[in-house]
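Here is the structure we will look at.
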Number of protein chains: 2
Amino acid sequence: MREIEPSWDFYRTFLTVLQEGSLSAAARELGLTQPTIGRHIDALEGVIGFQLFIRSPQGLIPTEAATDLKPHAEQLASNAAALLRAATGLGGGVRGTVRISASEVIGIEVLPPLLAALNDRYPDLVIELSLSDAVEDLMRREADIAVRMVAPEQDALITRRIGGIPLGLHAHRRYLDKHGFPDTLEDLLHHRTIGFDRESAFVRAIRKRVPLIELMRPSFRADSNLAQLAAIRAGSGIGVCQVALARRDPDIVRLFKTEFELPLETFVVMHENLKTTPRCRATFDALVEGLLAYIGT
Amino acid sequence: MREIEPSWDFYRTFLTVLQEGSLSAAARELGLTQPTIGRHIDALEGVIGFQLFIRSPQGLIPTEAATDLKPHAEQLASNAAALLRAATGLGGGVRGTVRISASEVIGIEVLPPLLAALNDRYPDLVIELSLSDAVEDLMRREADIAVRMVAPEQDALITRRIGGIPLGLHAHRRYLDKHGFPDTLEDLLHHRTIGFDRESAFVRAIRKRVPLIELMRPSFRADSNLAQLAAIRAGSGIGVCQVALARRDPDIVRLFKTEFELPLETFVVMHENLKTTPRCRATFDALVEGLLAYIGT
DNA sequence: TCTCTCTCATTCATTTTTGTATATCAGATA
DNA sequence: TATCTGATATACAAAAATGAATGAGAGAGA
């Protein structure tokens, strides 16, 4: 007895409906029509024997079954996208699409010039940049190359250690003019500081290094390092950011240069299977080279 | 501009052709016909702009492009299978299919009674057992649950340490009657021994523990632990196997009980997403319980 | 050499899938 | 209340994919 396997296209339709919330919206997204999408869902429900959505005049409400299957469908979509990227880059030469995952700060402040230079050099190279502080999983093919702040553990990944990007305490001159210069680290307790919203591995690392941080009550909180950087630039208070970025603005002052410096270990990581792919290889090398130069400054 | 994405079914067809080696064979496998399969491949080649196969009267010979894309397609198939497994097990209760990955020895000698009992208890549970000494990747959804001899490193996996399965040196009485009893470990150098064909992490671990092994020239080599066990049972010589398995046969004698004992660390591992799925939960618990009992004997 | 069997390619009828048009329902807004 | 906009469901026609049949080439074996 052979089970009849549903068309893989049904999975794509299913995921799109889940993402868009209605048959009509999914139809627009996929370039199909609403009746077709409806039939796909009907067929899929028929095969798996469960209702996936509750139809309503407002759209389709996913059942528990649908939410259970969602992560699988998402991974399927990631893989399909990765396959297509691999396909477009076939045939020698640096061409096709490469998808890079990086943190927001790195992606916004550091990578753009590097990637622009890369694009100048290889006009047929298309770069997708996925910014998130959540660690995107290279194993799941959500990206081809990642810039990471933690050493990856999987063996199937090839990793190049860049080194520590130095972080320092900074404030805008405008803030310091108004609130004074902290003379000692303890003075920070009476200053406006910029901190994290939630606990994270990165925050714990800072805490461990500088226990004083524990006592500080930040007057501005944001999980986004980018928002923190913006807050420093706007003169909201004293915060932690990359030394090299702060130096770009002559009005930003580094505080406690000797007492506080935290190196942020950085790695460029790529899936092993991609190392022979010209576009990935070129991008990987450019990122390594560019980030090394950035650290050197 | 929106790229036209090929049907995901084309990927399935592509992979099947790659696996089967011909359009006709793939058609039989998929329950379609040869012209259909041919059209799928034509369409896929059209979209990606590369020839995937060289047609010949003997079948289709994959081009480099095709072999480059193969791992992606395989992963896609794994994911689709995982989604389908998840779908069949929906709706509460222990039902549906669960896929277990284990080493050959564990899968053949240890798990069957456990799984039989599990199946007795849950008649609607279907178990797939994938035996390989290569570590199947749970992240790639090639299996739902794995019995492993190395601690996994990914955070997304939930792991239960079972403990060390004791390994010992054994020989069949028939062999010992013929070749005599080794009095010291050094005597092993003059005995027929059973060893590994290739180097592996496991072999290196043994070497480190018992450097003498280094000097031994096995007269029977096999990578398969199962084959080694069979060789011991057949009286081919002295080899390493699980103490508990050897004890089952009263004619197998354990040698150097005090001088040689190697605990084989064992873990049961499952993807975190599956922990709330009844069928996976029940299977996981049964494996943990059963293996703990096995170790206890 | 002939035949048998495997393969892929092509043609045409059939089946299936899809799209168009329309009906219906629910909510927001004038 | 009337209307407009979003949604799903359904009927029927159009388009597309599929299957059946056939042709042709390449080996294997008698």
Side-chain angles (χ1 to χ4, degrees), chain A residues 2-48 50-67 69-70 73 80, chain B residues 2-67 69-70 73 76 80:
Chain A
R2 178 186 298 278
E3 297 274 335
I4 36 127
E5 196 191 348
S7 163
W8 287 9
D9 284 335
F10 291 171
Y11 300 146
R12 170 167 59 183
T13 304
F14 163 69
L15 178 61
T16 310
V17 171
L18 219 42
Q19 287 168 336
E20 301 292 325
S22 80
L23 298 180
S24 316
R28 286 191 292 273
E29 176 67 25
L30 290 173
L32 298 170
T33 56
Q34 169 255 323
T36 300
I37 304 296
R39 284 185 283 247
H40 283 187
I41 298 298
D42 289 343
L44 192 54
E45 287 178 334
V47 172
I48 71 173
F50 275 89
Q51 194 172 5
L52 290 169
F53 297 95
I54 297 161
R55 272 77 165 173
S56 89
Q58 286 78 23
L60 269 68
I61 301 149
T63 64
E64 197 182 341
T67 48
L69 297 181
K70 189 179 184 191
Chain B
R2 177 187 299 278
E3 298 273 336
I4 34 126
E5 195 191 349
S7 163
W8 286 7
D9 284 336
F10 291 171
Y11 300 146
R12 171 168 58 182
T13 303
F14 164 67
L15 179 60
T16 309
V17 171
L18 219 41
Q19 289 167 337
E20 300 293 323
S22 81
L23 298 181
S24 316
R28 284 191 293 272
E29 176 68 24
L30 291 173
L32 298 171
T33 56
Q34 169 255 322
T36 301
I37 304 297
R39 284 185 282 248
H40 283 188
I41 299 298
D42 288 344
L44 193 54
E45 286 178 334
V47 172
I48 71 174
F50 275 90
Q51 193 172 2
L52 291 170
F53 297 95
I54 297 161
R55 274 76 165 170
S56 88
Q58 287 76 26
L60 268 70
I61 301 148
T63 63
E64 197 181 342
T67 49
L69 297 181
K70 189 180 184 191
L76 213 45

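Here the structure is a predicted model, which means the values were calculated and not measured. Letters A, B, ... are given to chains in the order of the sequence lines, protein chains preceding strands, and every chain is numbered from 1.
- Residue pairs satisfying the salt bridge (charged side-chain N to carboxylate O under 4.0 Å, His left out) criterion with at least one member in residues 51-67 of chain A, sequence neighbours excluded, are listed as follows: A/D42-A/R55, A/E45-A/R55.
- Under the rule for a ring pair (Phe, Tyr, Trp, His ring centres under 6.0 Å), A/F50 has no partner lying at least two apart in sequence or in another chain.
- Using a 4.0 Å cutoff on non-hydrogen atoms, the parts of residues 18-26 of chain A near DNA chain D are A/S22, A/L23, A/S24, ordered by number.
- The CD1-P distance, from A/I37 to D/dA9, rounds to 13 Å in whole Å.
- Distance check, rounded to the nearest 0.5 Å: CG of A/L69 to CG of A/L15 gives 11.0 Å.
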Encode nucleotides 11-30 of chain D as B, S and - characters from 5' to 3', where the letter depends on protein heavy atoms closer than 4.0 Å: B to the base, S only to sugar-phosphate, - to neither.
-------BBBB----SS---
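- A/I54 places its CD1 atom 18 Å from the P atom of D/dA7, with the value rounded to the nearest Å.
- The stretch residues 16-43 of chain A participates, sequence neighbours left out, in these ring pair (Phe, Tyr, Trp, His ring centres under 6.0 Å) pairs: A/F10-A/H40.
- Every residue two or more places apart in sequence or in another chain that forms a side chain to side chain contact (heavy atoms under 4.5 Å, CB included) with B/A66 is listed here: B/F14, B/L18, B/L52, B/P62, B/T63.
- Heavy-atom contacts of chain A under 4.0 Å fall on DNA chain C between two terminal nucleotides, which in 5' to 3' order are C/dT18 to C/dG27.
- With hydrogens and angles ignored, the 3.5 Å screen pairs no side-chain donor or acceptor of A/D9 with any backbone N or O of B/S7.
- Qualifying side chain to side chain contact (heavy atoms under 4.5 Å, CB included) partners for B/T16, counting only residues two or more places apart in sequence or in other chains: B/R12, B/E20, B/A26, B/E29, B/L30.
- With sequence neighbours left out, the side chain to side chain donor-acceptor pair (under 3.5 Å) criterion links B/T33 to B/T36.
- Contact between the side-chain N/O atoms of A/R28 and the OP1/OP2 oxygens of D/dA7 is found at a separation under 4.0 Å.
- Using a 4.0 Å heavy-atom distance criterion, A/G38 is classed as making no nucleic acid contact.
- Looking at residues two or more places apart in sequence or on another chain, you find a side chain to side chain donor-acceptor pair (under 3.5 Å) between B/S56 and B/Q58.
- B/R39 pairs by the side chain to side chain donor-acceptor pair (under 3.5 Å) definition with nothing, not counting sequence neighbours.
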